[in-house]
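Side chains included, hydrogens not; waters and symmetry mates left out as well; all remaining heavy atoms used.
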Amino acid sequence: MNWIVQYLWLIPALPLVAAGIIAVSKQPHRKLAASLAIGSMGLGFVLSLMAFLATLGHHGEHGQFREVYNFNWLQFGGQWLQLGWVLDPLTAVMLMMVTFVGSLIFIFSIGYMAHDQNFTRFFCFLSLFAAGMLGVVIANSLLLLFISWELVGLTSYLLIGFWYHKPSAAAAAKKAFITTRIGDMGLLLGMVWLYAQSGTLLFYDGGKGCLENDALVRMVAQTAATGMAVTTAIGLLIFLGAVGKSGQLPLHVWLPDAMEGPTPVSALIHAATMVAAGVFLVARVFPLMEVTLDSLAGNADGLPSTALQVVTWVGALTAFFAATIAVAQNDIKRILAYSTVSQLGYMMMGLGVGGVAIGMFHLITHAFFKALLFLGSASVIHGCHEHQDIRFMGGLKKFMPVTFLTYAIGMLALAGFPLFFSGFWSKDEILHAAHGWSVSHWPFYLGCAGALLTAFYMTRQVALVFFGSYRGGHSHSSHRSGSDLKSADTSAHSKEPHESPAVMTVPLIVLAACAVLLGFLGTPWWPAFQGYLGQHHGSAGGVVPLMVGSTLIVFAGLGLGWWLYAKRQRKTADEPDVLEVVRPDIFALLRNKYFFDEAYEKTVIALHAWFARACDFLDRWVWGGAVMLVSAITVGLSWLYRATDEFVVNLGFDAGCKGIRQGGDGLSKLHTGRVQNYLRVIGVALVVLILFLVWGRKA
C-alpha cells in the first residue's frame with residue numbers, strides 16, 4: 001500500500017483543525033485566522049498532489065489504481081461497523097480541484113472580507129466547509145460520506161446566513177438547510193436499505209464492498225415491491241440526496257437564494273464544494289446506478305438502467321429550465337446561480353448518457369470557470385460599492401480592466417466558445433454522448449437549447465456590466481415598467497467604480513489561465529482525462545459535425561445577445577429590458593422563476609403549515625383537553641377520597657377510639673392498686689350476689 005493512502009485523512013483533517021483553532025481564538029486575530037485557513041488548504045493541496053502522482057502509471061485489477069484503508073469503528077453485537085477512505089483517480093482529481101480552487105477562494109476572501117467585523121468567524125466556517133467536502137471526497141464508506149455530507153450542509157447554513165442580521169440571509173440559510181434535508185432523507189433511506197441488502201457500507205473491501213461485483217449481483221437479482229430491481233430503487237434514493245445538494249429539479253429553489261451569503265461563499269458553494277458533492281456522489285456510486293441484468297450478462301446493447309435514465313432526464317430538464325430563468329435575472333450573482341443549476345444539469349446528463357469521465361470532466365472545468373465568474377462578480381460588486389444589479393452598471397471595462405479580461409474568459413468558457421476554452425470541450429462531449437443515447441434524442445435537443453441560452457444570457461450580462469456607459473450615477477424614476485427594480489441607494493452608485501486589489505485579481509488571473517488550459521486535457525483526439533478515469537474512447541468519429549453544430553449554436557447565442565444588448569445599450573437603469581418590451585408576459589414568467597417559490601408556498605408549505613396547525617389543535621385541544629379532563633377527574637377523585645377519609649373513615653375511627661379510650665379510662669379507675677378498694681368491691685359484689693340468689697329463690 002502506498003504511504004499516502006494511510007495518511008489521506010490528513011487532507012480533510014488539516015482544515016478541520018484550522019477551524020477548531022480559529023474558533024477558540026480571539027476576534028482581532030485576523031492574520032492568524034487567514035494564515036491557518038489558507039495554510040491548511042495549501043498543505044492539503046500538496047498532499048493531494050502527492051496522492052494524484054501516486055495514481056499515475058499504476059493499474060489495478062479493474063484497470064485503474066485503487067487502494068483503500070478500512071478500519072473498525074463501532075461494534076454492535078458480534079458485528080463491527082467499518083469506516084475507511086479510498087484513493088483512486090476519482091478521489092485524486094477531486095482532491096486536487098477542491099484544495100486548489102478552495103485555496104484561491106480563501107486568498108481572494110482576504111481582500112473581499114477585509115472590512116468585515118466577523119473576519120475570523122468567516123474563515124472558521126470556510127475551513128469547516130472545506131473539511132466537510134474533502135471528507136466526502138475521500139470516503140470509502142457511505143456512512144463516512146454521509147457524516148461529511150451533513151457537515152457540508154451545516155456549514156452551508158452557517159455561511160449562507162453569515163450576515164444573519166439581514167432577514168433575507170437568515171431566510172435563505174433556513175431554506176437551503178431544509179430543502180437539502182428533504183433530499184438527504186432519501187440518501188439516508190437508501191443508505192439503510194443498502195446496508196440491509198449488502199451487509200456493509202464500504203464501497204470497496206477486497207471484493208466484499210457494496211459497489212463490488214458480488215454485492216451487485218445479489219442485489220440486481222432481487223426485486224423491490226414496486227417491481228424494479230433493488231439496485232435501481234436504492235440508486236434512486238441515493239440520487240434524491242444528490243438532487244437536493246446539486247440543486248436539480250424540483251429541489252433547485254434553495255440554490256439561487258444562497259447568493260445572500262458573501263460572494264466568496266457563493267464561489268465555494270457553486271464551484272468547488274457543496275453543489276459538486278451531489279454530482280460526485282452519483283459518480284462514486286455509479287456501479288450501483290448502472291448495473292442491470294443485461295450488463296452483467298455482457299449485453300452491451302441493452303438499454304441503460306432505469307436509475308441512469310432518471311438521472312439523464314432530470315439533468316437535461318434542469319439544464320434547459322434553469323437557463324431560461326437566467327435570461328431574465330438582473331442580479332449579477334443570481335444569473336450565475338441559475339447558470340450553476342443549469343451546468344449541474346449538464347453534469348448529471350453527462351453521467352447518465354456517457355458515464356463518470358464525461359460528467360466529471362465538465363464538473364472539473366466548470367469548477368474553475370465558475371469560481372472565476374463568481375470571484376469576478378465579487379470583484380465587480382466590490383468595485384461598485386456593494387451593488388449587484390446589472391442595470392446600475394455598464395462601462396466597467398475601463399474602470400476594472402483586469403476584472404473585465406478575466407471575467408470575459410470565464411464567460412466564454414461557460415458559453416462554450418470553440419477550441420480555446422475548456423467549457424467547449426467538456427460541454428461538447430456531453431452533447432456528443434447525448435446524441436448517441438439509445439433511449440431518446442430529447443436530452444440532446446434540450447442540451448443544445450440550453451447551450452444557446454447560456455451563450456445568450458452570459459453575453460447579456462457582460463454587455464450590461466462591462467460595455468456602454470456607467471449607469472450607476474443615474475437615479476431611477478418612479479416608473480418601473482413592471483420590472484423588479486429595487487429601490488437602491490443611488491448616492492452610493494454615484495461613486496465611480498474601481499479595480500480590486502491584487503489579492504483579489506491574482507486569483508482571477510490564475511483561474512482564467514486554468515479555464516483556458518484545462519479543456520485540452522479532454523479533447524476527442526487526446527482524451528487524457530477520460531483515460532485517467534478509466535473510460536477510453538475508441539475513436540473520435542462523428543465528433544466534428546457535432547462540434548460544428550454546437551459552434552453555430554454558441555455563435556447564434558453570442559450574436560443575438562450582442563445585437564440586443566451591446567448594440568442597443570440602455571441609457572438609464574430604469575429602462576425596460578429588450579425582451580420585456582417584446583414579450584412582457586414571458587419575461588415576467590422567467591423573471592419570477594416560473595413562480596416555483598409561490599407554487600411551493602401555496603401547496604407544499606401551505607400543506608405543512610396546515611398540518612402544523614392541525615397538530616397544534618390536536619395537541620392543544622384534543623390531547624391537551626383529554627389530559628386536562630383526566631387530571632380534573634383525578635383531582636375530583638382525590639378530593640372525594642380526602643372527604644371520605646377525613647369525614648367518614650377518620651371520624652368513625654376517631655369516635656371508636658374515643659369510646660375505647662373512655663372505657664379504658666373507666667376501667668383504669670378500678671385498678672388503683674389499693675387492696676382496701678378491691679375488698680370493698682368484692683364485698684359489694686358478694687352482697688349483690690347473695691341478694692340476687694335470695695330473691696331468685698323467693699320468686
Side-chain angles (χ1 to χ4, degrees), residues 15 18-19 21-42 100-130 155 158-166 169 258-273 332-333 336 371-388 393 396 399-404 406-407 465 472 488-489 491-512:
I21 296 174
I22 297 170
V24 298
S25 64
K26 295 182 179 179
Q27 278 286 80
H29 294 168
R30 291 173 168 242
K31 288 185 178 179
L32 174 65
S35 299
L36 285 172
I38 297 171
S40 66
M41 290 297 284
F100 183 71
V101 176
S103 297
L104 294 176
I105 294 172
F106 281 31
I107 294 170
F108 183 94
S109 300
I110 296 176
Y112 190 83
M113 301 295 290
H115 303 293
D116 197 286
Q117 294 180 347
N118 295 306
F119 183 91
T120 57
R121 179 163 63 90
F122 181 75
F123 275 92
C124 174
F125 291 166
L126 280 186
S127 297
L128 194 60
F129 197 13
T155 46
L158 297 173
L159 286 168
I160 294 170
F162 183 77
W163 289 323
Y164 55 85
H165 56 275
K166 295 168 54 181
M259 299 301 97
E260 292 293 339
T263 307
V265 172
S266 303
L268 200 59
I269 289 176
H270 287 251
T273 54
I332 188 172
K333 289 170 63 177
L336 297 179
L372 170 61
L373 288 170
F374 266 109
L375 295 186
S377 71
S379 180
V380 169
I381 293 168
H382 181 75
C384 291
H385 312 287
E386 306 307 318
H387 286 280
Q388 301 178 195
M393 299 178 186
L396 295 187
F399 299 105
M400 311 177 71
V402 177
T403 300
F404 164 66
T406 54
Y407 201 94
V465 172
D489 181 7
S491 63
H493 280 297
S494 62
K495 301 177 184 177
E496 279 196 350
H498 59 82
E499 184 61 277
S500 299
V503 73
M504 298 172 67
T505 55
V506 170
L508 296 180
I509 295 171
V510 175
L511 287 170

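Under the side chain to side chain donor-acceptor pair (under 3.5 Å) criterion, Thr403 pairs with Ser379, Glu499, sequence neighbours left out. For Phe123, the ring pair (Phe, Tyr, Trp, His ring centres under 6.0 Å) partners two or more places apart in sequence, or in a different chain, are Phe119. Residues satisfying the ring pair (Phe, Tyr, Trp, His ring centres under 6.0 Å) test with Phe129, not counting sequence neighbours, are none. Partners of His29 according to the ring pair (Phe, Tyr, Trp, His ring centres under 6.0 Å) rule, which considers only residues two or more places apart in sequence or in another chain, do not exist here. Residues passing the side chain to side chain donor-acceptor pair (under 3.5 Å) test with Thr155, sequence neighbours excluded: none. With sequence neighbours excluded, no residue satisfies salt bridge (Lys or Arg N to Asp or Glu O under 4.0 Å) with Lys31.
Here the CZ-CZ distance, from Phe122 to Arg30, works out to 12.0 Å after rounding to the nearest 0.5 Å. Between atom OG1 of residue Thr406 and atom CE of residue Met400 there is a gap of 9.0 Å, rounded to the nearest 0.5 Å. Residue Arg121 holds its CZ atom at 9.0 Å from CG of Leu159, rounded to the nearest 0.5 Å. Distance check, rounded to the nearest 0.5 Å: OG1 of Thr120 to CD1 of Ile21 gives 13.5 Å. Going from atom CG of Leu126 over to atom CE of Met41 covers 9.0 Å, rounded to the nearest 0.5 Å. Within the model, atoms CG of Leu373 and OH of Tyr407 stand 5.0 Å from one another, a figure rounded to the nearest 0.5 Å.
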Taking distance alone, no hydrogens or angles, what donor-acceptor pairs closer than 3.5 Å link side-chain atoms of residues 103-112 to residues at least two apart or in another chain?
{"residue": "Ser103", "atom": "OG", "partner": "Thr99", "partner atom": "O", "Å": "2.6"}
{"residue": "Ser109", "atom": "OG", "partner": "Ile105", "partner atom": "O", "Å": "2.7"}
{"residue": "Tyr112", "atom": "OH", "partner": "Thr263", "partner atom": "OG1", "Å": "3.1"}

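Put simply, the side chain of Met393 does not reach to within 4.5 Å of the side chain of Pro497, judged on heavy atoms. Counting only heavy atoms from C-beta outward, the side chains of Asp116 and Trp163 approach each other to under 4.5 Å.
His115 NE2: 12 or fewer foreign heavy atoms inside a 6.0 Å radius.
For residues 264-273, the set of pairs meeting the side-chain hydrogen bond (donor to acceptor under 3.5 Å, both in side chains) definition, not counting sequence neighbours, comprises His270-Thr340.
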- Stepwise side chain to side chain contact (heavy atoms under 4.5 Å, CB included) check, Val402 with Leu508: CA-CA 8 Å; Val402 177; Leu508 296 180; 5.6 Å; no
